[in-house]
A.B. asks: 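There's a structure below that I have some questions on.
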Amino acid sequence: MRFTPTPLLGAWLIELDPQADARGELVRTYCERTFAAQGLNTRWPQCNHTRTRSRGMIRGLHFQAAPVSEVKLVRCTAGAIWDVIVDLRTDSATYGHHASFELSAESRRQLYVPAGFAHGFQCLTDGCEVSYMMSESFVPELARGVRWDDPALNIAWPIASPQLSERDRNLPLLPTRTTQ
């Protein structure tokens, strides 16, 4: 695994190293020792898998509020997505900044998303599948989000006129530092 820091402190893009032989390939997607050596989370009590039927669909931008903020390790296992993270840590120099990455089954890249970040993605192909591990179990009453088209974020989503769930369409705008 190769860990590349992103422009947002604490977030990492992870390149996987497939090992090939006559049978096919094997790729390690997680190793506790390797993650610990990077100073990253190694506790993953919950793993989720999404399948999204339609190209252009956006899921997010979601996060879980304190005191159960979660770290995520995100990987696209079918198709391709435009993955977006937003720094919501009010004490961070990059509060309100975002970074975007294309993740695909073909590239095998993963994204390590620290606690205190919102996360979402737009499907670039039909039939996208995304697997993600979480450092905390889901607590419905702490589920939060930020609107995908918040003008303060100015995210350049690659597919215009996206499809969204009713919940995601009605998420609030990014809180200012003084109100969060």
A.B. asks: Which one of Gln110, His119, Gln122 satisfies the side chain to side chain donor-acceptor pair (under 3.5 Å) criterion with Asp83?
C.D. replies: His119

A.B. asks: If only atom types and distance count, is the side chain of Thr42 paired as donor or acceptor with the main-chain N or O of Ala36 below 3.5 Å?
C.D. replies: no

A.B. asks: Is there a chain of hydrophobic side chains (I, L, V, M, F, W, Y, each step under 4.5 Å between heavy atoms) that links Leu16 to Leu73?
C.D. replies: yes

A.B. asks: Might you confirm whether atom CZ of Arg167 has over 12 heavy atoms from other residues, nucleotides or ligands at distances under 6.0 Å?
C.D. replies: yes

A.B. asks: Between Ser131 and Thr77, is any pair of side-chain heavy atoms under 4.5 Å apart?
C.D. replies: yes

A.B. asks: Quick one: do Trp44 and Phe63 end up in the same hydrophobic cluster if we chain Ile, Leu, Val, Met, Phe, Trp and Tyr together by side-chain heavy atoms under 4.5 Å apart?
C.D. replies: no

A.B. asks: Identify whether Leu103 and Phe121 are in the same connected component of the hydrophobic contact network (ILVMFWY, side-chain heavy atoms under 4.5 Å).
C.D. replies: yes

A.B. asks: Can you establish whether the number of heavy atoms outside Arg28 located under 6.0 Å from its atom CZ is more than 12?
C.D. replies: no

A.B. asks: Are the side chain of Glu70 and the backbone of Met133 linked by a donor-acceptor contact shorter than 3.5 Å?
C.D. replies: no

A.B. asks: Arg59 pairs by side-chain contact (heavy atoms from CB on, under 4.5 Å) with which of Thr50, Val130, Leu164, Ile81?
C.D. replies: Thr50

A.B. asks: Leu88 and Leu153: same hydrophobic cluster, using ILVMFWY side-chain contacts below 4.5 Å?
C.D. replies: yes

A.B. asks: Just to verify, what does Phe138 make a ring pair (Phe, Tyr, Trp, His ring centres under 6.0 Å) with, not counting sequence neighbours?
C.D. replies: none

A.B. asks: Between Val71 and Tyr112, is a side chain to side chain contact (heavy atoms under 4.5 Å, CB included) present by the stated rule, with each step listed?
C.D. replies: CA-CA 7 Å; Val71 176; Tyr112 181 90; 3.4 Å; yes

A.B. asks: Under a 4.5 Å cut-off applied to non-hydrogen side-chain atoms, are Pro18 and Arg108 in contact?
C.D. replies: yes

A.B. asks: Could you walk me through whether Leu111 and Arg109 pass side chain to side chain contact (heavy atoms under 4.5 Å, CB included), step by step?
C.D. replies: CA-CA 7 Å; Leu111 185 62; Arg109 296 193 308 176; over 6 Å; no

A.B. asks: If every non-hydrogen atom of Ala11 is compared with every non-hydrogen atom of Pro114, which pair is closest and at what distance?
C.D. replies: N-CG, 3.5 Å

A.B. asks: Please enumerate all residues that pass salt bridge (charged side-chain N to carboxylate O under 4.0 Å, His left out) together with Glu102, with sequence neighbours excluded.
C.D. replies: none

A.B. asks: Is the backbone N or O of Ala20 less than 3.5 Å from a side-chain atom of Arg23, with the two atoms forming a donor-acceptor pair by type?
C.D. replies: no

A.B. asks: Can you tell if the side chain of Thr4 reaches within under 4.5 Å of the side chain of Trp12, non-hydrogen atoms only?
C.D. replies: no

A.B. asks: Are more than 12 heavy atoms from other residues, nucleotides or ligands located less than 6.0 Å from atom CG of Leu9?
C.D. replies: no

A.B. asks: Restricting to non-hydrogen atoms, name the atom on Gly116 and the atom on Ser69 that form the minimum distance, rounded to 0.1 Å.
C.D. replies: N-CB, 4.3 Å

A.B. asks: Taking the side chain as every heavy atom from C-beta outward, state whether Leu171 and Leu61 have any pair of such atoms under 4.5 Å apart.
C.D. replies: no

A.B. asks: Grouping I, L, V, M, F, W and Y whenever their side-chain heavy atoms are under 4.5 Å apart, do Leu173 and Ile58 come out in a common cluster?
C.D. replies: no

A.B. asks: Please answer whether the main-chain N or O of His97 pairs with a side-chain N or O of Thr94 as donor and acceptor at a distance below 3.5 Å.
C.D. replies: no

A.B. asks: As an exercise, state the distance from NZ of Lys72 to CD of Gln64, rounded to the nearest 0.5 Å.
C.D. replies: 8.5 Å

A.B. asks: Within a strict 4.5 Å, meaning less than it, do heavy atoms of the Gln163 and Ser54 side chains meet?
C.D. replies: yes

A.B. asks: Could you report the tightest heavy-atom contact between Gly60 and Trp148, atom names first, then the distance?
C.D. replies: O-CB, 4.3 Å

A.B. asks: With a 4.5 Å limit on heavy-atom distance, are the side chains of Val68 and Leu142 in contact?
C.D. replies: yes

A.B. asks: Listed by chain and number, what are the side-chain contact (heavy atoms from CB on, under 4.5 Å) partners of Glu106, not counting sequence neighbours?
C.D. replies: Ser104

A.B. asks: Would you please name every residue forming a side-chain contact (heavy atoms from CB on, under 4.5 Å) with Asn48, sequence neighbours left out?
C.D. replies: Gln46, Tyr132, Met134

A.B. asks: Ignoring hydrogens and geometry, is there a side-chain-to-backbone donor-acceptor pair from Thr6 to Leu8 under 3.5 Å?
C.D. replies: yes

A.B. asks: Look at the side chain of Trp157 and the backbone N and O of Trp82, then say whether any donor-acceptor pair between them is shorter than 3.5 Å.
C.D. replies: no

A.B. asks: List in chain and number order the residues that pass salt bridge (charged side-chain N to carboxylate O under 4.0 Å, His left out) with Arg2, two or more places apart in sequence or in another chain; answer none if no residue qualifies.
C.D. replies: Asp17

A.B. asks: We want to know whether Asn41 and Ser135 form a side-chain donor-acceptor pair, criterion being a heavy-atom distance below 3.5 angstrom.
C.D. replies: no

A.B. asks: Output, in order, the C-alpha distance, side-chain angles, deciding distance and verdict of salt bridge (Lys or Arg N to Asp or Glu O under 4.0 Å) for Asp149 and Arg147.
C.D. replies: CA-CA 6 Å; Asp149 62 348; Arg147 226 169 67 206; 2.7 Å; yes

A.B. asks: Taking the side chain as every heavy atom from C-beta outward, state whether Glu136 and Arg43 have any pair of such atoms under 4.5 Å apart.
C.D. replies: yes

A.B. asks: Can you name the residues that form a salt bridge (charged side-chain N to carboxylate O under 4.0 Å, His left out) with Arg55, not counting sequence neighbours?
C.D. replies: none

A.B. asks: Step by step, work out the side chain to side chain donor-acceptor pair (under 3.5 Å) result for Asn154 and His98.
C.D. replies: CA-CA 9 Å; Asn154 196 30; His98 73 279; over 6 Å; no

A.B. asks: So which atom in Arg169 and which in Glu166 form the shortest heavy-atom distance, rounded to 0.1 Å?
C.D. replies: NH2-OE1, 2.9 Å

A.B. asks: When the ring centroid of Phe3 is compared with that of Phe35, is the distance short of 6.0 Å?
C.D. replies: yes

A.B. asks: Give the intermediate values and the outcome of side chain to side chain contact (heavy atoms under 4.5 Å, CB included) for residues Asp126 and Arg53.
C.D. replies: CA-CA 5 Å; Asp126 289 335; Arg53 292 185 181 101; over 6 Å; no

A.B. asks: Roughly how far, to the nearest 0.5 Å, is SG of Cys128 from CZ of Arg51?
C.D. replies: 9.0 Å

A.B. asks: Any side-chain heavy atom of Leu13 within less than 4.5 Å of one from Phe101?
C.D. replies: yes

